[in-house]
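The next block holds one structure in the form of structure tokens; read it before the comments.
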Protein chains: 2
Amino acid sequence: MGFGCIKPAAGGRMPPRAERPKAALLGLDWGTTSLRGYLIGPGGTILAERAADAGILQIQDRAFAGALIGLAGDWLDRDDSLPIVASGMIGSRQGWVEAPYGEVPAAPGDISLHTLTDFDRPVHVVPGLCRHDEHGVPDVMRGEETQIIGAHDGEMQDGLYLLPGSHSKWARVTAGAITWFATFMTGELFTALKDHTILGRMMAGTAHIPEAFAQGVSFGSRPNSIMRSLFSARTLALFDELGEEDGASYLSGLLIGAEIAEAHAFIPDTNGAPIMIIGNPDLGARYATALSLSGLVGQQAATGAAARGQWRIASAAGILRS
Amino acid sequence: MGFGCIKPAAGGRMPPRAERPKAALLGLDWGTTSLRGYLIGPGGTILAERAADAGILQIQDRAFAGALIGLAGDWLDRDDSLPIVASGMIGSRQGWVEAPYGEVPAAPGDISLHTLTDFDRPVHVVPGLCRHDEHGVPDVMRGEETQIIGAHDGEMQDGLYLLPGSHSKWARVTAGAITWFATFMTGELFTALKDHTILGRMMAGTAHIPEAFAQGVSFGSRPNSIMRSLFSARTLALFDELGEEDGASYLSGLLIGAEIAEAHAFIPDTNGAPIMIIGNPDLGARYATALSLSGLVGQQAATGAAARGQWRIASAAGILRS
């Protein structure tokens, strides 16, 4: 059997030891609402993967060490010198240790791991990145830098990256370093508008309706128009031009269209190169559609971006076992 | 004593009958959350004014007639032929009667009053207005058309009008008719973001901080930037560049700045003519500041716009007593 597809679920049986390649790293993708652990082999290949509902907001009394042992204690017991790298909100003020933001441009080798010492072996925390715009306004990411660095199989590549979500990130990689990024609160804005404004009153359900989504993208992506376009989610419904079941998809399209229109203004000519989309494939597919409607090309990145990024950062930092 | 300033509070004593000029109209400004009644004299002068917590959302079992009698029964008893005009959400689907929207352009004489007959005398309801943009997307107003028509003392004037609020309206009057308007959900968006997203977590209080507001306007009014500027309300706080007490004013400035930037794109050269601001003077003053920071001029309209507008519409419709 091949090794690349060995991904037993938490608690599942591992293949006999003799069959397993040696893991080079334990990678922790530790966010606000979930914790994922990867046994990572050479090149960033995931040998085994587990998940727990142990995001930093779910952990009481700073029981981070206990959560790590709960997830991966047996892996650690079996391998005394397995290095650990953690990325994501675990390195924020609300996490296990605050790892101060690094600045862009940032290549894998520029990322200074922050070493946590109150565990029985070092835990190397990937700091987030910050960037100041032309007006001195800061923007930040934490965890996405690792996914960007690991987005491609093979080697890290120059180009544009998009990580959709509550706080969508757009980033540019130039000459092997993250040089620019920006945050759009699109997902959180959608939820706030749907659940807490008049717009939600004429919506029923959240099923994805492609036609309504495309119409929203079309209106939302007109430059400099989102503040006045929002109300159309109500007026179109008032005039029976938008069904209740279409409302959420239309609003989502409006906001994603506006995000793309704003981001597009920062994007140099892509010469047709695709924007790499990292993360949830369903949401990624909607963004790919919206990009296409906006004259851009999106392509879903291979899974395993966080683990590959952790391996590349750890490798550049020299903490992998030789 | 002069008559123009007679505005006893609800239940207050009226001056002796002999001193009162004859009212020409009972005007009802009947919105979602409040009901105001005006005894209106010639030219739209308010002779007396009362208010009740009887907005259409507060009225149970369609007890609209009872609410009207509660507010103004004595006025009606004393004057059997006093005409009644009502504007605002009372004419919506959720109100007393649905008065279908009229289309722009709309001069006072173009507004077809919708006469309600289930009261012991006719109640003439001002319909709202609708407008379709170049893509066929509808926009609507209900109540604001009356305030725009009555904004100026003397005569209705051509120019630009701004009615800030949960759903800000911008409108243009050309050749004595409302020819264009647009809705910006600025106020409701502010509340949803402050109360239901991560942005509110680093805010304390809602006191108006002029410097933070101006900074928000400055960033928010950059064209085509609001989706990515929102997150700055968090990052500036994270980097201690925005105090907790400044956060709400900064976010308000961001959104109002974005509203003005988008509306500005629709505004022909004003030749320095002020944009008339109608409504709450505190909010109006903030908009005037934001307009000024954006190179525009705002001017607060005289109070009594709704009553003057009701009088002008009633006059044009020929329902005033001769």
Side-chain angles (χ1 to χ4, degrees), chain A residues 32 92-93 101 130-133 135-140 166-170 182-186 188-189 191-200 215 218-220 222-236 238-239 241 255-266, chain B residues 92-93 101 130-140 166-170 182-186 188-189 191-200 215 218-220 222-236 238-239 241 255-266:
Chain A
T32 305
S92 70
R93 207 170 294 175
Y101 294 105
C130 74
R131 170 190 165 262
H132 288 79
D133 74 8
H135 302 279
V137 179
D139 202 339
V140 295
S166 291
H167 296 179
S168 279
K169 306 284 183 187
W170 289 65
T183 303
F184 299 79
M185 290 180 56
T186 310
E188 201 175 5
L189 186 54
T191 302
L193 285 167
K194 184 173 72 61
D195 294 345
H196 301 288
T197 74
I198 199 169
L199 299 185
Q215 189 186 9
S218 160
F219 291 150
R222 291 176 292 172
N224 210 29
S225 73
I226 187 61
M227 294 289 290
R228 73 191 162 86
S229 290
L230 288 177
F231 196 55
S232 68
R234 175 163 177 82
T235 54
L236 287 169
L238 272 177
F239 284 72
E241 293 174 32
L255 296 172
I256 290 174
E259 173 189 336
I260 291 172
E262 286 190 16
H264 200 164
F266 286 88
Chain B
S92 70
R93 207 169 296 175
Y101 294 105
C130 75
R131 171 190 164 262
H132 288 78
D133 74 8
E134 65 277 24
H135 302 278
V137 179
D139 202 339
V140 296
S166 292
H167 296 179
S168 280
K169 306 284 184 186
W170 289 64
T183 302
F184 298 80
M185 289 181 55
T186 310
E188 201 174 6
L189 186 54
T191 302
L193 286 166
K194 183 173 71 64
D195 294 345
H196 300 288
T197 75
I198 199 170
L199 299 185
Q215 190 187 7
S218 160
F219 291 149
R222 291 177 292 171
N224 210 29
S225 73
I226 187 61
M227 294 289 290
R228 72 191 162 88
S229 290
L230 287 178
F231 197 54
S232 69
R234 176 162 176 80
T235 55
L236 287 169
L238 273 178
F239 284 72
E241 294 173 33
L255 295 172
I256 290 174
E259 173 189 336
I260 292 172
E262 286 191 16
H264 201 163
F266 286 89

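Note that this is a predicted model, so its numbers are computed, not measured. Every chain is numbered from 1, with letters handed out A, B, ... down the list of sequences.
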Taking the side chain as C-beta and beyond, is there a heavy-atom pair between A/Leu193 and B/Leu189 under 4.5 Å?
-> yes
Most contact-rich option vs chain B, by heavy-atom pairs under 4.5 angstrom, among A/Leu230, A/Ile198, A/Leu236, is A/Ile198
Flag side-chain contact, heavy atom, 4.5 Å: A/Leu199 against B/Glu188 = no
Considering only heavy atoms from C-beta outward, does the side chain of A/Thr191 approach that of B/His196 to under 4.5 Å?
-> no
Looking only at heavy atoms, the pair that brings B/Thr235 and A/Asp139 closest together is CG2-CA, 4.0 Å
What part of B/Ala265 is in contact with chain A, defined as an atom under 4.5 angstrom from a non-hydrogen atom: side chain, backbone, both or neither?
-> side chain
Any chance you could measure A/Thr183, atom OG1, to B/Arg234, atom CZ, to the nearest 0.5 Å?
-> 10.5 Å
Which atom pair, heavy atoms only, marks the closest approach of B/Glu241 to A/Pro138?
-> OE1-CD, 4.3 Å
Chain B shares the most heavy-atom pairs under 4.5 Å, among A/Thr186, A/Asp133, A/Val140, with A/Val140
Does A/Glu259 use its side chain to pair, donor to acceptor, with the backbone of B/Met227 at less than 3.5 Å?
-> no
Under the ring-ring contact (aromatic ring centres under 6.0 Å, His included) rule, collect the residues that match up with B/His264, sequence neighbours excluded.
-> none
Checking A/Lys194 against chain B: side chain, backbone, both or neither under 4.5 Å from a heavy atom?
-> neither
Report the relative orientation of the aromatic rings in B/Tyr101 and A/Phe239; use parallel for angles under 30°, tilted for 30 to 60°, perpendicular for over 60°.
-> parallel
With sequence neighbours left out, what residues match A/Ser225 under side-chain contact (heavy atoms from CB on, under 4.5 Å)?
-> A/Arg222, A/Arg228, A/Ser229
Scanning both residues in full, the closest heavy-atom pair of B/Asn224 with A/Ala261 reads ND2-O, 3.7 Å
Residue B/Asp195 versus chain A: region with a heavy atom under 4.5 Å = neither
Where does the angle between the aromatic ring planes of B/His167 and A/Phe231 fall among parallel (under 30°), tilted (30 to 60°) and perpendicular (over 60°)?
-> perpendicular
